[in-house]
Amino acid sequence: RVGLVGFDDRVRTWADPAGGIHAFRRLQAQSAEVDYQAVETNYALSLAELSTRLRRRSLVVVFTDFLDTITAELMIENLTRLARRHLVLFVAVRDPSLEARALARPSSLLVMQQAVVAADFARERAVVLERLRRVGAYCLDASPATFSMALVNRYLDLKRRELF
């Protein structure tokens, strides 16, 4: 049984958990309709609504991203609440260009500045992921090239370990 919730400053898409091949087609269509909004994500409201709608312990896979520890603070707080009752898999896609900048040889002052900022973002990202792990969330931070396979493997690992 798989459901879907799409949100930003409010819940925009909801599909009750359902099983079968028809549920997959429905989720595929609904997820394709989720549109990008240039608004700040309201984790408190959206995850609270998700929590009230889920009647039993569930695997909740959260696909999102963040820039730094400051913008991630409310996300962490609300995922902590969710992880008390549910199994949370936090999924973020790593930015390869940010990694490349962090590891770039400083050929100019600009490149060096970019490397320092990119390395700072990478450190803050690691801090957020570690904080989520400490509160019981499972985290996946993968590059776009390895994202799909890494997600399937993590799901199978959690299933094999009978965590849900």
Side-chain angles (χ1 to χ4, degrees), residues 2-15 27-51 59-84 86-158 161 163:
V2 178
L4 172 73
V5 59
F7 63 90
D8 45 41
D9 64 333
R10 63 184 173 88
V11 173
R12 301 210 180 251
T13 302
W14 177 267
L27 292 176
Q28 194 174 29
Q30 280 187 282
S31 63
E33 292 174 8
V34 175
D35 195 18
Y36 175 79
Q37 301 288 325
V39 295
E40 188 170 344
T41 304
N42 188 336
Y43 290 98
L45 175 70
S46 302
L47 293 176
E49 184 170 337
L50 172 65
S51 191
L59 169 63
V60 177
V61 182
V62 179
F63 293 93
T64 192
D65 212 352
F66 57 93
L67 288 176
D68 53 40
T69 53
I70 295 168
T71 57
E73 198 58 44
L74 284 174
M75 177 186 71
I76 294 168
E77 182 181 315
N78 288 282
L79 286 172
T80 299
R81 274 193 218 104
L82 193 64
R84 288 182 189 132
H86 302 284
L87 180 66
V88 173
L89 175 55
F90 180 84
V91 181
V93 180
R94 202 176 311 132
D95 183 351
S97 67
L98 195 62
E99 286 182 12
R101 283 191 172 105
L103 300 173
R105 287 184 170 254
S107 58
S108 70
L109 184 58
L110 176 63
V111 173
M112 185 171 68
Q113 289 170 335
Q114 289 175 342
V116 168
V117 170
D120 285 346
F121 277 134
R123 273 190 297 280
E124 289 197 18
R125 186 177 189 87
V127 166
V128 169
L129 293 171
E130 182 56 32
R131 285 183 63 196
L132 287 170
R133 286 183 189 101
R134 286 183 183 169
V135 299
Y138 291 83
C139 297
L140 176 62
D141 184 31
S143 68
T146 63
F147 177 79
S148 297
M149 189 55 68
L151 179 59
V152 169
N153 286 336
R154 181 60 56 92
Y155 171 81
L156 291 173
D157 178 55
L158 296 173
R161 293 165 50 194
L163 296 173

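All values below were derived from every heavy atom in this structure, side-chain atoms included, with hydrogens, water molecules and symmetry-related copies excluded.
- Rounded to the nearest 0.5 angstrom, Leu132 CG and Met75 CE are separated by 5.5 Å.
- In terms of heavy atoms, Arg105 sits closest to Val111 at O-CG1, 3.5 Å.
- Here the options are Leu59, Asp157, Leu158, the test is side-chain contact (heavy atoms from CB on, under 4.5 Å), and the partner is Leu163; only Leu158 passes.
- For the pair Ser46 and Asp8, the tightest heavy-atom approach, listed with the atom from each and the gap, is OG-O, 3.9 Å.
- Looking at Arg94, its side chain does come within 3.5 Å of a backbone N or O of Asp141 through a donor-acceptor pair.
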Could you give me the CA-CA distance, side-chain angles and deciding distance for Asn42 and Phe7, then say whether side chain to side chain contact (heavy atoms under 4.5 Å, CB included) is met? CA-CA 8 Å; Asn42 188 336; Phe7 63 90; over 6 Å; no
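- Inter-residue side-chain proximity for Leu151 and Leu89 is flagged as met; some heavy-atom pair is nearer than 4.5 Å.
- One distance of note links CZ of Arg81 with CG of Leu79; it measures 10.0 Å at 0.5 Å rounding.
- A side-chain donor-acceptor contact under 3.5 Å links Ser31 to the backbone of Gln28.
- Distance alone, capped at 3.5 Å, places no donor-acceptor pair between the Ser51 side chain and the Leu47 backbone.
- Proximity of Phe66 to Ile76: side-chain heavy atoms (C-beta onward) are nowhere separated by under 4.5 Å.
- Nearest heavy atom pair, residue Val135 against residue Ala83, reads O-CB, 3.8 Å.
- Judged purely by atom type and a 3.5 angstrom limit, Arg154 uses its side chain to pair as donor or acceptor with the backbone of Cys139.
- Within a 6.0 Å sphere centred on CZ of Arg161, heavy atoms belonging to other residues, nucleotides or ligands number more than 12.
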Step by step, would you call Val116 with Asp120 a side chain to side chain contact (heavy atoms under 4.5 Å, CB included)? CA-CA 6 Å; Val116 168; Asp120 285 346; 4.1 Å; yes
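- The shortest heavy-atom contact between Ala118 and Ala102 is CB-N, 3.6 Å.
- Of the candidates Val128, Leu140, Val61, Leu129, Phe90 forms a side-chain contact (heavy atoms from CB on, under 4.5 Å) with just one, namely Leu129.
- Residues Ala15 and Leu27 share a closest heavy-atom pair of CB-CD2, 3.7 Å.
- Heavy-atom minimum distance, Trp14 versus Gln30: O-NE2, 3.4 Å.
- Ion pairing between a basic and an acidic side chain is recognised when a charged N comes within 4.0 Å of a carboxylate O; Arg131 and Glu77 show no such pairing.
- Rounding to the nearest 0.5 Å places CG of Asn78 at 10.5 Å from CD of Glu73.
- Heavy-atom neighbours of Glu40 CD from other residues, nucleotides or ligands within 6.0 Å: at or below the threshold of 12.
- The number of heavy atoms from other shown groups lying within 6.0 Å of CD1 (Ile70) does not exceed 12.
- In this structure, the side chain to side chain contact (heavy atoms under 4.5 Å, CB included) partners of Val117, at least two apart in sequence or on a different chain, are Phe121.
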